[in-house]
Participant: 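I am attaching a structure below and will ask some questions about it afterwards.
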Amino acid sequence: MSKIFAVANQKGGVGKTTTCVNLSASLVASKRRVLLIDLDPQGNATMGSGVDKSELQLSSYDVLASLLPPRKAIVTTSSGFDLMPANIDLSAAEVELLEMDGRESRLRQALAEISNDYDYIIIDCPPSLNMLTVNALCAAGGVLIPMQCEYYALEGLSSLIDTITQVQQAANPDLRIEGILRTMYDPRNSLTGDVSDQLNEYFGDRLYRTCIPRNVRLAEAPSFGKPALEYDRNSKGAIAYLALAGEITRRHAAANQNNSNSNSGPRPVAEAV
């Protein structure tokens, strides 16, 4: 079964799409099978992956609105990960979904048939808490939250956590916060250190140790339709996302090992009695 992440933050400009594209490429570099789903009508993850959103025949809109089999909409990128692309058509789905039965679980229903095809499925959410984001949260097992270390980011984070809690209670009890990722990180800024300390105190081991630095190459790469790893693999941004991919895969390997040990180990005394 795939590990499915919704990469979400209702605050724009925090590196959400940058994280989706570069993490996908970095996981592929570590020999994982990856699907990136663009669920943002802006289609930035599509363009950043080297796919022209203006020439799409099929997209994530068709999968959500018409329950098109997802394999028909998926394309393979030059970086090696698969992509379910998006364009402005997806904005119509926000309205159409409101009138559909099971509107919050359309994506989960579609992904059920391909969940064994990938190790990781990463969903790029729009920068708002709308029906598209709700679909992503209902389909995902975890939420990866990229955020800058600034005061207003903390306020926005509380709203997102409230939404995650509501989705847990109403539709997806398995949903959890996968991790908090500090982006555009500048250790020279005292506010960065203060906010980082607060995140560490509140989230503990759910705060990724990897920080994504401010990096010109990360900003330039999307205009060439490439992840930073393909654009300049020696850049600080590319190296940081490789480190993040390593941290994520190690976490999951450790979790799987712990689950295996708990399932195969001796029964608790109370149970044995």
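Numbers for residues simply follow the sequence, beginning at 1. Values in this document were obtained by computation on a predicted structure and should not be read as measured data.
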Participant: Could you verify whether a donor N or O on one side chain and an acceptor N or O on the other, from Asp186 and Thr192, lie under 3.5 Å apart?
Facilitator: no
Participant: What are the two closest non-hydrogen atoms of Tyr118 and Val34, and how far apart are they?
Facilitator: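 The answer is CD2-C, 3.5 Å.
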Participant: Within the side chain of Asn22, is there an N or O that forms a donor-acceptor pair under 3.5 Å with the backbone of Thr18?
Facilitator: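 Yes, Asn22 side chain to Thr18 backbone: donor-acceptor pair under 3.5 Å.
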Participant: I need the minimum non-hydrogen distance between Pro70 and Val63, along with the two atoms involved.
Facilitator: CA-CG2, 4.0 Å
Participant: Out of curiosity, Leu36 CG to Ile121 CD1, how far, rounded to the nearest 0.5 Å?
Facilitator: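 Reported to 0.5 Å precision, the distance equals 10.5 Å.
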Participant: Mind checking whether Cys138 and Val167 have side chains closer than 4.5 Å, heavy atoms only?
Facilitator: yes
Participant: Less than 3.5 Å apart, any donor N or O on the side chain of Glu230 or Ser79 sitting next to an acceptor on the other?
Facilitator: yes
Participant: Tell me whether Glu94 is salt-bridged to Arg103, with the criterion being a basic N under 4.0 Å from an acidic carboxylate O.
Facilitator: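 Looking at Arg103 together with Glu94, the answer is no, because their closest N to O distance does not fall below 4.0 Å.
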Participant: Do any N or O atoms from the side chain of Asp40 and from the backbone of Gly43 form a donor-acceptor pair under 3.5 angstrom?
Facilitator: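 Checked: no pair found.
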Participant: I'd like to know if Asp124 pairs up with Lys16 as an ion pair, taking the criterion as any Lys NZ or Arg NE/NH1/NH2 lying under 4.0 Å from an Asp or Glu carboxylate oxygen.
Facilitator: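 Here Asp124 pairs with Lys16 in a salt bridge, since their nearest N and O are under 4.0 Å apart.
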Participant: Measure the spacing between CD1 of Ile212 and CZ of Arg182 and express it to the nearest 0.5 Å.
Facilitator: 10.0 Å
Participant: Identify whether Leu35 and Leu132 are in the same connected component of the hydrophobic contact network (ILVMFWY, side-chain heavy atoms under 4.5 Å).
Facilitator: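 Yes, it is one cluster - the side chains of Leu35 and Leu132 are joined through contacts under 4.5 Å.
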Participant: Would you mind checking if Arg71 and Glu113 are paired as a salt bridge, meaning a charged N to carboxylate O distance below 4.0 Å?
Facilitator: yes
Participant: For the residue pair Lys11 and Glu150, establish whether any side-chain heavy-atom pair is separated by less than 4.5 Å.
Facilitator: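 Yes, side chains in contact.
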Participant: In terms of hydrophobic clustering (I, L, V, M, F, W, Y; side-chain heavy atoms under 4.5 Å; direct or indirect links), are Phe81 and Leu39 co-clustered?
Facilitator: no
Participant: Pick from Leu111, Ile4, Ile122: which one makes a side-chain contact (heavy atoms from CB on, under 4.5 Å) with Ile37?
Facilitator: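 Result: among Leu111, Ile4, Ile122, Leu111 is the only option passing the side-chain contact (heavy atoms from CB on, under 4.5 Å) with Ile37.
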Participant: Would you say the side chains of Thr19 and Tyr241 form a donor-acceptor pair under 3.5 Å?
Facilitator: yes
Participant: To the nearest 0.5 Å, what is the distance between CE (Met184) and SG (Cys211)?
Facilitator: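 Between atom CE of Met184 and atom SG of Cys211 there are 13.5 Å.
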Participant: If you define the side chain from C-beta out and look only at heavy atoms, does anything of Pro146 sit under 4.5 Å from Leu144?
Facilitator: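 Yes. Closest side-chain heavy atoms under 4.5 Å.
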Participant: Hey, what do you get for CG (Leu83) to OG1 (Thr46), rounding to the nearest 0.5 Å?
Facilitator: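 Nearest 0.5 Å value for the CG-OG1 distance: 5.0 Å.
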Participant: Any donor-acceptor pair under 3.5 Å linking the side-chain atoms of His252 with those of Glu247?
Facilitator: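 Note: Glu247 and His252 side chains miss the donor-acceptor criterion.
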Participant: Please name the pair of heavy atoms, one in Pro227 and one in Ala221, separated by the smallest distance, quoted to 0.1 Å.
Facilitator: C-CB, 4.0 Å
Participant: State whether Asp82 and Arg33 are salt-bridged, where the test is any N-O pair (Lys NZ or Arg NE/NH1/NH2 against Asp/Glu carboxylate O) under 4.0 Å.
Facilitator: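 Salt bridge: no.
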Participant: Taking atom types as modelled, find out whether Thr183 and Gln148 have a side-chain donor-acceptor pair closer than 3.5 angstrom.
Facilitator: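 Absent: no donor and acceptor within the cut-off.
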Participant: If you measure from CG on Asp197 to CD on Glu201, what distance do you get to the nearest 0.5 Å?
Facilitator: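 Answer rounded to 0.5 Å: 8.5 Å.
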Participant: Quick test of your reading of the model: are Arg217 and Asp232 salt-bridged, counting only N-O distances below 4.0 Å?
Facilitator: yes
